[in-house]
Protein chains: 2
Amino acid sequence: MYLNHINNLVFKEFLDILNSISPLSPESKRVLQKHLSFRTLSKGDYLLNHGETCRHIYFVNKGFLRIFYYKNGKNITEWFAREKNFCFSITSYFNKTPSDLIIESIEDSEVIFLSRKGLEELRKCNLEVANLIIEFLSHSLIASQKRMESIQFETAKKRYQNLLKEQPEIIHQVSLHNIATFLGITQETLSRIRAQI
Amino acid sequence: MYLNHINNLVFKEFLDILNSISPLSPESKRVLQKHLSFRTLSKGDYLLNHGETCRHIYFVNKGFLRIFYYKNGKNITEWFAREKNFCFSITSYFNKTPSDLIIESIEDSEVIFLSRKGLEELRKCNLEVANLIIEFLSHSLIASQKRMESIQFETAKKRYQNLLKEQPEIIHQVSLHNIATFLGITQETLSRIRAQI
DNA sequence: GAATTCCTTTGACAATTATCAAAAAAACAC
DNA sequence: GTGTTTTTTTGATAATTGTCAAAGGAATTC
């Protein structure tokens with residue numbers, strides 16, 4: 001269900017969030033708004049499917065998303081996107097290739113779409129938009145780096161404890177299996193870790 | 001040994017490389033050049049030390065660098081930067097915090113420094129520079145993502161084989177220990193993997 | 001509320017990798 | 001070359017995690 005140009009208040013709030021990431025003039029907000037769209041999702045809906053090319057950066061206005069993919073027939077969680085956070089398939093978005101990742105709504109959600117085409121056009125001529133993208137990418141890079149270090153150098157137990165500390169609510173939102181694959185371990189191993197704590 | 005504004009030809013070539021990443025007018029090149037510096041390093045020299053804040057993006061004009069850190073007293077390789085590639089400490093650079101990472105020259109090297117201060121100034125007022133940074137960050141993000149997936153979902157043997165395929169020359173440039181920690185395994189495990197192949 | 005389905009835990013065992021120690025090989029210095 | 005140091009390999013053992021199978025719980029449906 002696409003509802004373009006309808007929920008103006010939602011867009012206004014979103015543009016304010018963008019503005020807090022990197023300052024935007026009213027004019028920049030106006031041109032950016034042209035490239036926004038809005039979608040509501042029911043629990044279980046897919047925002048991006050395997051094989052589709054990722055043509056947007058997604059902002060979770062409400063709800064909760066899971067980004068996952070299939071590896072040897074098993075579904076592996078790559079990331080969770082909480083309310084007021086962004087997500088997208090990095091590789092598909094930049095390389096314009098079919099996505100291996102699937103983005104699933106695990107609660108009823110509201111998502112704002114930022115179109116790649118729009119952003120690519122705007123960043124070429126609008127300095128504020130270009131700087132907004134720089135802020136966005138540098139934060140994404142730091143997050144990616146952090147996750148990499150966690151996977152490479154912490155034990156499964158430590159990673160689980162960190163997750164509990166940083167996102168305690170996650171336990172009630174997603175299955176143990178999803179948390180386990182997100183941590184890079186099997187469901188059984190996570191179950192045993194929990195038994196120890 | 002810093003040699004600013006001396007090796008003009010080297011800078012010209014470097015600016016051409018930047019231009020090939022994202023187009024730069026002669027004027028943009030001119031202003032960018034003001035924020036470049038140059039340094040030669042002997043084998044074993046440190047480009048960035050633990051506790052120092054990373055104030056530059058480095059470009060390996062010649063030679064070979066290793067980025068590593070200490071974890072429980074052991075030195076762990078995070079990345080290798082080959083000739084004509086960039087490197088920097090992501091966290092230290094963006095957060096302006098002391099670096100955990102150490103960047104070491106493992107061959108006699110020539111490195112071009114792109115100053116963070118200069119880039120931060122320029123990107124605010126120069127659209128071409130802002131777009132250059134966007135290209136740079138998006139490629140960094142893709143690389144970080146790729147490495148993360150490799151660590152999380154491939155066996156040590158597979159990772160070693162991929163490394164051999166992608167950078168066969170690396171075997172002759174760095175010790176087995178450094179390759180092992182880069183792959184996220186111990187030296188002994190890597191030695192045993194090699195014996196199998 | 002009984003049946004079905006899905007999620008989580010537990011058990012037994014195998015595979016992978018780490019750790020500690022020592023030997024072998026290679027590189028380096030004199 | 002000889003001796004010294006560093007790097008790599010090998011051995012024995014332990015720890016961690018994965019795999020396969022089954023049981024126990026919880027949630028859902030009819």
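Lettering follows sequence order; numbering is per chain, from 1. The basis for the numbers below is simple: all heavy atoms, side chains too, and nothing from hydrogens, waters or symmetry mates.
In this structure, B/Thr189 reaches the C/dA18 phosphate: one of its side-chain N or O atoms is under 4.0 Å from OP1 or OP2. Distances shown here put every side-chain N or O of A/Arg192 at or beyond 4.0 Å from the OP1 or OP2 atom of C/dT10. A/Thr186 has a side-chain polar atom (N or O) that falls below the 4.0 Å cut-off from OP1 or OP2 of D/dG18. Between D/dT9 and B/Ser191, a contact under 4.0 Å exists linking OP1 or OP2 to a side-chain N or O. Listed pair A/Arg194 / C/dT8 fails the phosphate criterion, with no side-chain N or O lying under 4.0 Å from OP1 or OP2.
Once rounded to the nearest 0.5 Å, the distance linking CG of B/Leu137 with CD1 of A/Ile134 reads 6.5 Å. In this structure, CG in A/Leu47 is found 8.5 Å from OG in A/Ser109, a value given to the nearest 0.5 Å.
A straight line from CG of A/Leu183 to P of D/dT16 spans 17 Å, rounded to a whole angstrom. When the C1' atom of D/dT17 is taken as reference, atom CD1 of B/Ile185 falls 16 Å away, rounded to whole Å. C/dT17 atom C1' lies 19 Å from atom NZ of B/Lys158, rounded to whole Å. Rounded to an integer number of Å, the gap from CD of B/Gln173 to C1' of D/dT7 is 17 Å. Rounded to an integer number of Å, the gap from A/Leu176 CG to C/dC6 C1' is 13 Å. Here the P atom of nucleotide D/dT8 and the NE2 atom of B/His172 are 13 Å apart, to the nearest Å. Atom CG in B/Leu190 sits roughly 16 Å away from atom P in C/dT16 (whole-Å rounding). Following rounding to the nearest Å, A/Asn75 (CG) and C/dC6 (C1') show an atom-to-atom distance of 14 Å.
A/Glu128 and A/Ser28 form a side-chain donor-acceptor contact under 3.5 Å, judged by distance and modelled atom types alone.
At a threshold of 4.0 Å, the pair B/Glu120-B/Lys117 does not count as salt-bridged, since none of the basic side-chain nitrogens sits closer than that to a carboxylate oxygen. Taking the charged nitrogens against the carboxylate oxygens, B/Lys62 and B/Asp108 have no contact shorter than 4.0 Å, which rules out a salt bridge.
At the heavy-atom level, B/Lys157 lies nowhere under 4.0 Å from the strands shown.
The side chain of B/Gln187 approaches D/dT8 more closely than any other nucleotide in the set C/dT17, D/dT17, D/dT8.
A donor-acceptor contact under 3.5 angstrom links the side-chain atoms of B/Glu188 to the base of C/dC20.
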